[in-house]
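When a ligand or atom number is given, it counts from 1 through the structure's own listing order. Quick caveat, the model's predicted, so the values are computed rather than measured.
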Amino acid sequence: MDKFEYYNPVRVICGLGESARVGKEAAKLGKRALLVSYQEHSFFNTLLENIQTQLRNEGVAVETLYAITANPMLSQIRQGVDLCKKHKLDLVIAVGGGSVMDASKAIAAGVLYPHDLWKMFNSRHDVAVAIPPEQSLPTLMIPTLPATSSEMNCIAVATNDETAEKSYIYHEILYPNVSIIDPRLTCGLPKFQTTCGAADAISHVMESYFNGTDDTPLQDRLHEGIILTIMELVQKILRDPGNESLRMSIQWAATVAWNGWMQCGVSPLTPMHHLGHILSAQHNITHGATLTIMMPAWMKHGYRYHLDRYVQFAERIFAIPTAGRDKEEVAREAIDRFEAFLKSLELPTRLSDVKIEADEIDFMTEEVARTAFTADGVLAGRPALDRSGVKAVYTLAI
Ligand SMILES: [Fe+2]
């Protein structure tokens with residue numbers, strides 16, 4: 001287990017119906033709010049109207065930015081910053097999934113940022129080329145999709161629409177002040193959003209489980225608990241989508257998957273996300289769907305380098321018998337079972353499922369090198385990948 005430092009100041013209010021508290025909580029944080037949600041927000045109209053009413057009843061003035069898309073764009077963040085400056089707003093409220101929450105964090109920090117906004121974002125995995133934000137307006141998150149844990153972490157991901165580069169900020173100034181998690185808001189989520197969100201949450205613990213350090217027995221079992229819980233819950237939810245109890249449980253599982261608790265002492269790396277980001281940046285593929293493609297391919301490439309961990313995964317997640325068996329055979333069986341689980345959710349597991357062909361692999365490999373390689377010329381992970389390794393993983397994903 002590695003040394004670590006942990007800090008998380010987010011006030012979490014979690015429960016069915018708790019979104020009725022948005023007005024009162026917002027009034028503690030500011031007087032003039034920017035309310036941020038999706039460009040396509042018809043699904044949320046009633047909720048957004050309700051929140052606006054709550055805010056006005058508590059004396060909080062509201063401007064709206066309903067402009068965020070999946071894979072939020074830098075230009076949308078710039079719009080939010082301009083609105084905040086123009087109307088002298090002092091609070092940013094997000095109503096939506098990870099895209100809306102991430103954009104809102106970047107807007108809140110961007111208002112007080114003296115440089116060009118893209119300089120806030122890392123453009124290389126471990127090279128300090130970004131200039132971190134030092135201040136932020138307060139933020140209030142109302143997540144509507146269990147997936148990213150943006151409601152309880154200090155990460156914001158965005159795509160620069162001028163360069164088709166997807167990158168992120170990881171800085172504690174971005175922690176939301178308050179997150180009101182009302183799982184009732186997720187009961188009407190369509191199947192694709194539900195399954196993509198579940199897959200994304202699983203991918204967050206898979207990254208640190210397969211790419212972190214060794215000798216982390218408690219963290220291992222926490223990771224396995226999240227994976228098993230979400231696998232079980234998402235299948236139940238598909239049979240009973242309106243079940244509030246199931247929706248609450250999966251929401252909390254997704255929140256803790258990437259709020260930092262799992263990753264303490266594990267030194268997590270996120271190669272699967274970096275490989276997937278290229279698919280989003282070039283083809284605007286939903287984030288969770290990029291992970292369902294990259295996870296099996298990554299595992300098929302990497303299991304020989306970390307074999308005991310994959311055998312543990314086989315035993316503890318799928319109860320695969322291991323006694324007297326070849327470890328590689330056990331690992332491959334677990335990977336096949338995991339890919340079959342993702343397929344059972346009717347999610348893509350191959351590049352060809354999203355119409356990406358082999359002739360794009362060279363270009364995608366160069367994009368990974370450009371956007372995510374370390375100064376040593378590799379994509380960090382277990383194993384670290386050079387260009388030929390990246391190409392090998394993409395090829396396994398065809
Ligand atoms: Fe993710």
Angular separation of NE2 (His204) and NE2 (His287) seen from the Fe ion (ligand 1), to 10°: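 An angle of 170° at the metal.
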Would Arg309 pass as a cation-pi partner of Tyr209, given that its NZ or CZ must be under 6.0 Å from the six-membered ring centre and within 45 degrees of the axis?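 Yes, a cation-pi geometry holds between Arg309 and Tyr209.
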Just give me the atom name: the N, O or S atom of His273 closest to the Fe ion (ligand 1).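 That would be atom NE2.
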Asp200 atom (N/O/S) at minimal separation from the Fe ion (ligand 1):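 Considering only N, O and S atoms, Asp200 comes nearest to the Fe ion (ligand 1) through OD1.
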Determine, step by step, whether Ser150 and Asp102 satisfy the side-chain hydrogen bond (donor to acceptor under 3.5 Å, both in side chains) criterion, reporting the C-alpha distance in whole Å, the side-chain angles of both residues, the deciding distance to 0.1 Å, and the verdict. CA-CA 7 Å; Ser150 188; Asp102 286 7; 2.6 Å; yes
For Asp200 and His287, indicate whether the former's side chain and the latter's backbone hold a donor-acceptor pair under 3.5 Å.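 No, because the side chain of Asp200 does not come within donor-acceptor range (under 3.5 Å) of the backbone of His287.
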Would you say that Phe192 contacts Leu347 through its side chain, given a criterion of any heavy-atom pair below 4.5 Å between the two side chains?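 Sidechains of Leu347 and Phe192: in contact.
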